[in-house]
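Below, all heavy atoms of this structure are taken into account, side chains as well, without hydrogens, waters or symmetry copies.
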Amino acid sequence: MTPALDLLKKVRADHHIHSYAHDPKAASYGLEAAEKLNLEPARVFKTLLASSEKGELLVAVVPVAGSLDLKHLAQAAGVKKCEMADPAAAQRATGYLLGGISPLGQKKRLRTFIDQSAQLFERIYVSAGRRGLEVELAPGVLAEHTQGTFAAIGRE
């Protein structure tokens with residue numbers, strides 16, 4: 001179990017766990033998850049961390065088939081600008097290793113932004129907190145348990 005799955009179990013949120021054999025040589029962990037679980041990449045979301053000009057860490061959840069638009073994230077967060085967070089800082093703040101960072105059950109409560117495209121689907125997939133482990137849940141459940149905000153932060 002991971003902190004993400006412990007949280008979902010504790011709050012009795014509707015979710016399903018999916019695992020696959022992770023290949024450490026995979027170029028993209030998110031696209032690997034979509035491929036190995038035979039999922040549409042638009043429904044599989046990666047968790048990225050960005051840092052504002054004031055050093056605030058922000059969580060961005062975007063489709064694995066696209067990328068994060070840092071300008072749109074800054075607008076959504078009400079900050080001047082964002083850059084990708086230092087990997088070590090991301091791991092320290094979340095308690096997860098890169099490639100397995102879940103938006104759920106992080107060590108510190110960070111402001112979370114979920115790409116609005118998630119709302120197009122009944123259920124989406126995010127990291128369950130370990131490489132090779134995904135959790136399937138409704139976008140609203142993700143937003144509720146991360147106190148996340150839906151915003152146009154993704155780019156195709």
Side-chain angles (χ1 to χ4, degrees), residues 1-52 55-68 73 76-77 82 84-151 153-154:
M1 286 300 229
T2 65
L5 296 176
D6 291 341
L7 169 70
L8 292 171
K9 191 174 178 184
K10 180 180 168 191
V11 299
R12 296 192 169 136
D14 178 30
H15 69 285
H16 299 284
I17 303 164
H18 301 272
S19 64
Y20 59 92
H22 165 64
D23 177 0
K25 295 181 190 126
S28 163
Y29 297 130
L31 288 173
E32 177 194 29
E35 186 180 306
K36 290 209 172 164
L37 296 173
N38 200 24
L39 300 168
E40 186 183 346
R43 292 182 61 201
V44 180
F45 286 72
K46 57 189 169 188
T47 306
L48 302 172
L49 269 78
S51 179
S52 75
E56 177 191 9
L57 288 178
L58 303 166
V59 177
V61 183
V62 297
V64 299
S67 60
L68 171 61
L73 176 61
C82 289
M84 294 307 295
D86 172 65
Q91 291 183 143
R92 265 193 314 276
T94 64
Y96 294 114
L97 293 176
L98 290 183
I101 294 179
S102 177
L104 297 154
Q106 296 182 351
K107 268 202 310 199
K108 288 184 182 172
R109 171 79 66 183
L110 302 172
R111 286 202 295 156
T112 300
F113 298 88
I114 305 163
D115 187 63
Q116 65 187 14
S117 68
Q119 295 174 295
L120 300 173
F121 303 102
E122 207 172 292
R123 299 177 77 77
I124 60 169
Y125 298 78
V126 297
S127 174
R130 191 170 60 229
R131 295 172 190 159
L133 200 60
E134 294 285 307
V135 64
E136 173 189 354
L137 69 174
V141 170
L142 178 63
E144 178 183 353
H145 296 294
T146 58
Q147 294 175 348
T149 302
F150 290 103
I153 60 168

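We find that Arg131 and Asp23 are not joined by a salt bridge, their nearest charged nitrogen and carboxylate oxygen being 4.0 Å or further apart.
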Take Tyr20 and Glu35 through the side-chain contact (heavy atoms from CB on, under 4.5 Å) test and state the conclusion after the steps.
CA-CA 10 Å; Tyr20 59 92; Glu35 186 180 306; over 6 Å; no
Could you walk me through whether Ile124 and Val44 satisfy the side-chain contact (heavy atoms from CB on, under 4.5 Å) test, starting with their C-alpha distance in whole Å, then the side-chain angles of each, then the deciding distance to 0.1 Å, before giving a yes or no?
CA-CA 6 Å; Ile124 60 169; Val44 180; over 6 Å; no
Full working for side-chain contact (heavy atoms from CB on, under 4.5 Å) between Thr94 and Lys108:
CA-CA 6 Å; Thr94 64; Lys108 288 184 182 172; over 6 Å; no
Quick one, Phe45 with Val64, criterion side-chain contact (heavy atoms from CB on, under 4.5 Å). Give me CA distance, side-chain angles, the key distance, then yes/no.
CA-CA 5 Å; Phe45 286 72; Val64 299; 5.8 Å; no
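Note that the CD atom of Gln147 and the OG1 atom of Thr112 stand 8.5 Å from one another [nearest 0.5 Å]. Ser51 OG to Leu58 CG: the interatomic distance, rounded to the nearest 0.5 Å, is 7.5 Å. Separation of atoms CD (Glu134) and CD (Glu32) is listed at 9.5 Å; rounding is to 0.5 Å. Distance check: Leu48 CG to Cys82 SG gives 12.0 Å after rounding to the nearest 0.5 Å.
Counting heavy atoms from C-beta outward, Pro41 and Leu31 have side chains that approach closer than 4.5 Å. At least one side-chain heavy atom of His16 sits under 4.5 Å from a side-chain heavy atom of Arg123. Residues Thr149 and Ile114 form no side-chain contact, since every pair of their non-hydrogen atoms from C-beta on lies 4.5 Å or further apart. Between Leu142 and Pro103 the shortest side-chain heavy-atom distance falls below 4.5 Å. Using a 4.5 Å heavy-atom threshold, the side chains of His15 and Val126 count as separate. Residues Leu133 and Leu5 form a side-chain contact, since some pair of their non-hydrogen atoms from C-beta on lies under 4.5 Å apart. Using a 4.5 Å cut-off on side-chain heavy atoms (C-beta onward), Lys46 and Val61 make no contact. Side-chain atoms of Ile153 and Val62, non-hydrogen and from C-beta on, do get closer than 4.5 Å to each other.
Among all heavy-atom pairs drawn from Leu68 and Ala60, the shortest one is CD1-CB, 3.7 Å. When all heavy atoms of Leu37 and Ser19 are compared, the closest pair comes out as CD2-O, 3.8 Å. Across every non-hydrogen atom of Pro139 and Glu122, the tightest pair is CD-O, 3.3 Å. Nearest heavy-atom pair, Asp115 versus Phe150, reported as atom, atom and distance to 0.1 Å: O-CD2, 4.0 Å. Here the shortest heavy-atom pairing between Val135 and Ser127 reads CG1-O, 4.1 Å. In terms of heavy-atom proximity, Pro3 sits nearest to Tyr96 at CB-OH, 3.5 Å.
Exactly one of Leu49, Leu98, Leu97, Ile101 qualifies for a side chain to side chain contact (heavy atoms under 4.5 Å, CB included) with Pro87. That residue is Leu98.
Under the 3.5 Å distance criterion, the side-chain polar atoms of Lys36 are left unmatched by any main-chain donor or acceptor of His22.
Judged purely by distance below 3.5 Å, without hydrogens or angles, the side chains of Glu136 and His18 pair a donor atom with an acceptor atom.
Under the salt bridge (Lys or Arg N to Asp or Glu O under 4.0 Å) criterion, Arg111 pairs with Glu56, not counting sequence neighbours.
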